[in-house]
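What follows is a short report on a single structure.
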Amino acid sequence: MSLEAVIGLEVHAQLLTQSKMFCSCRTIYGAEPNTQTCPICLGMPGTLPVINRGAVELAIYTALALHCQIATVSQFARKNYFYPDLPKGYQITQYQEPLATNGFLKIKINEVFKKIRINRLQLEEDAGKSLHSEDTKMLARRPTCKVQGGEDSLVDLNRCGVPLMEIITEPDLRSPQEAKIFLLTLRQLLQYLEVCDGDLEKGSFRCDVNVSLRRSGTKELGIRTEAKNLNSFRGVERTLLFEIERQRKILESGGKIIQETLQWDEKSEAALPARSKEEAHDYRYFPEPDLVELQIDTNWVKNIEKKIPELPEEIQERFKKTYKLPDYDVEILTQTKALACYFEECVKQYPDAKIVSNWLMTEVLAILKEKKISLDNFLVKPIDLTEMFELIEQGEITRTSAKTLFREMAKTGEKASLLRKKLGLGQISDAREIENIVEKVLQKQPEEIKRYLQGKTQLLTFFIGQIMKETQGKADPKLVNEVLNKRLKELAGKY
């Protein structure tokens, strides 16, 4: 029996607003527990919510970038369920009349684009956060927190009421890899739009996955299971791989899939049942009585649409046409908006796009990863990097010594021209000095010279490496090559 996976995603993205969805409480991550709350987000009797206009604008902005149809009338609803971190006993979300529907996002699978349909984009408020044993032990170490235990569960309601976009796909994904690529592409889009920071560790970008199996070639959907609140791309991939294989074994042995909600367990590396899967009627949705319908004017939407910037796919096409860069370079350079802007600033001052691209993809990204910083905190500005390229071009430094210079620039933020003198990294370009160094190196390698002259010409690279090592990378490579070749020819008659 040939089976295929059918996967749909529900992505929750926290909006970058200064205040919560229905009250004026702050949304600063990492604040002391329960310090960013008020009677409204705590669900006190007699309080009334007020819609955050900024959150609505950011959601419309995102929906337009996802090619969605914006509703002229949208309505909030109450989703009723009990959980300790939901003080009202219900969540204000959207149900029958969401903000936007019928969109799509293109993802690239093996060099081919695939269109993943977006069923809906809706606004809602986040719940609070339950803290269990390890979290409470960590809190107990804070001087401002009076936490006794390590086994008790506590609740932090700071996140309660934070505005979320829920982006729900159609079941168009067919593999864990496709699901991962979709999430990476969506997060990149949200970061370019500057509507969500996409930080998985902070929980501002997380995902529920729905998966079922069906016979290949059929259109009827199988019984699905759902894994909730996955906050890493690896977690999504591992959960799907596990669940697809589990369902496959059950179906191939003649069993039936039970519709249920799963939770990924790191210790057992398995998706374990959490509860039976709820249907919409279990939540007793009904229109939020404390909020009027959200009426969205066409002119408002048009004004928001004008603000949409150049998006990743458009930038990639422009980089390929304008700078003649290969697909691989373009995809790396446009991973983040900051990196794409940094590249363009460099190219404005130093027009060799490929040299700039190579340096960014290797040296710059390596230091950012090593130091665990973003480009915002990177001390080497585009004008400083391009000054270093000019020093290489003018023969003031070698490419090898440039790497040493660059790392020092990244530490201090000093200009290349000043550091070059301070570190003594000027290029050796005096022919007589190079000749002496070549002779010194060759005198130590009589056996290698003999092998080279007997036909092992690849040893030329070895000799050059030894010379560069002797000069600490300062020797002019072109001059070294000329002097070395000349000297080896002269030695041919002696061996």
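- With salt bridges taken as basic N to acidic carboxylate O contacts below 4.0 Å, none links D156 and K129.
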- [ ] Show your working on side chain to side chain donor-acceptor pair (under 3.5 Å) between N231 and E201 and close with a plain yes or no.
- [x] CA-CA 7 Å; N231 61 357; E201 287 186 9; over 6 Å; no
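- The pair E370-R407 counts as a salt bridge, with a side-chain nitrogen and a carboxylate oxygen less than 4.0 angstrom apart.
- You'll find the side chain of L189 stays beyond 4.5 Å of the side chain of T185, heavy atoms only.
- Judged purely by atom type and a 3.5 angstrom limit, K20 uses its side chain to pair as donor or acceptor with the backbone of N158.
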Side-chain donor-acceptor contacts of residues 337-345 below 3.5 Å, not counting sequence neighbours, with atom names and distances?
residue	atom	partner	partner atom	Å
K337	NZ	Y192	O	3.3
Y342	OH	V380	O	2.6
E344	OE1	R318	NH1	2.9
E344	OE1	Y323	OH	2.5
E344	OE2	R318	NH1	3.4
E344	OE2	R318	NH2	2.8
E345	OE2	K348	NZ	3.1

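- Not a single donor-acceptor pair under 3.5 Å links the side chain of S401 to the backbone N or O of I397.
- Residues K415 and E387 are not paired through a salt bridge, judged by the lack of any N-O separation under 4.0 Å between the basic side chain and the carboxylate.
- Counting heavy atoms from C-beta outward, L311 and E314 have side chains that approach closer than 4.5 Å.
- L9 approaches A179 most closely through the heavy-atom pair CD1-O, 4.0 Å.
- Salt bridge E226/K228: present, at least one basic N to carboxylate O contact under 4.0 Å.
- Side chains of V356 and N358 form no contact here, defined as non-hydrogen atoms less than 4.5 Å apart.
- Ring planes of F389 and Y350: tilted class, angle from 30 to 60°.
- A salt bridge between D197 and R187 is absent, with no side-chain N of the basic residue lying under 4.0 Å from a carboxylate O of the acidic one.
- Counted within 6.0 Å of CD1 on I383, heavy atoms from surrounding residues, nucleotides or ligands total 12 or fewer; the atom is thus considered open.
- Between the side chains of Q36 and T27, no donor-acceptor pair is found at a separation under 3.5 Å.
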Task: Stepwise side chain to side chain contact (heavy atoms under 4.5 Å, CB included) check, M361 with D329 - done: CA-CA 8 Å; M361 291 192 300; D329 291 42; 3.3 Å; yes
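- Across every non-hydrogen atom of L157 and T37, the tightest pair is O-CG2, 3.5 Å.
- With sequence neighbours excluded, the residues satisfying ring pair (Phe, Tyr, Trp, His ring centres under 6.0 Å) with F104 are H67.
- Residues C207 and L183 are in side-chain contact: their nearest non-hydrogen atoms beyond the backbone lie under 4.5 Å apart.
- In this structure F22 satisfies the ring pair (Phe, Tyr, Trp, His ring centres under 6.0 Å) test together with F76, sequence neighbours excluded.
- Formation of a donor-acceptor pair under 3.5 Å by the R487 side chain with backbone atoms of L484 is not found in this model.
- Residues L16 and E194 come closest through the heavy atom pair CD1-O, 3.7 Å.
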TODO: With side chain to side chain contact (heavy atoms under 4.5 Å, CB included) as the test, would you mind laying out the steps for I118 and I168 before giving the verdict?
DONE: CA-CA 6 Å; I118 305 296; I168 302 171; over 6 Å; no
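- D85 contributes no side-chain N or O that, together with a main-chain N or O of A127, makes up a donor-acceptor pair within less than 3.5 Å.
- Listed here is the closest heavy atom pair of L459 and E448: CD1-O, 3.4 Å.
- Cation-pi geometry between R53 and W300 is met: under 6.0 angstrom from the ring centre, within 45 degrees of the axis.
- Between L123 and L164, every side-chain heavy-atom pair lies at or beyond the 4.5 Å cut-off.
- N52 places a side-chain heavy atom less than 4.5 Å from the side chain of S19.
- In this structure, E243 contributes its side chain and L240 its backbone to no donor-acceptor pair below 3.5 Å.
- Side-chain contact, Q14 with S204: no donor N or O sits under 3.5 Å from an acceptor N or O.
- Judged by distance alone, with hydrogens and angles left aside, the side-chain atoms of T101 form no donor-acceptor pair with the main-chain N or O of R120 at under 3.5 Å.
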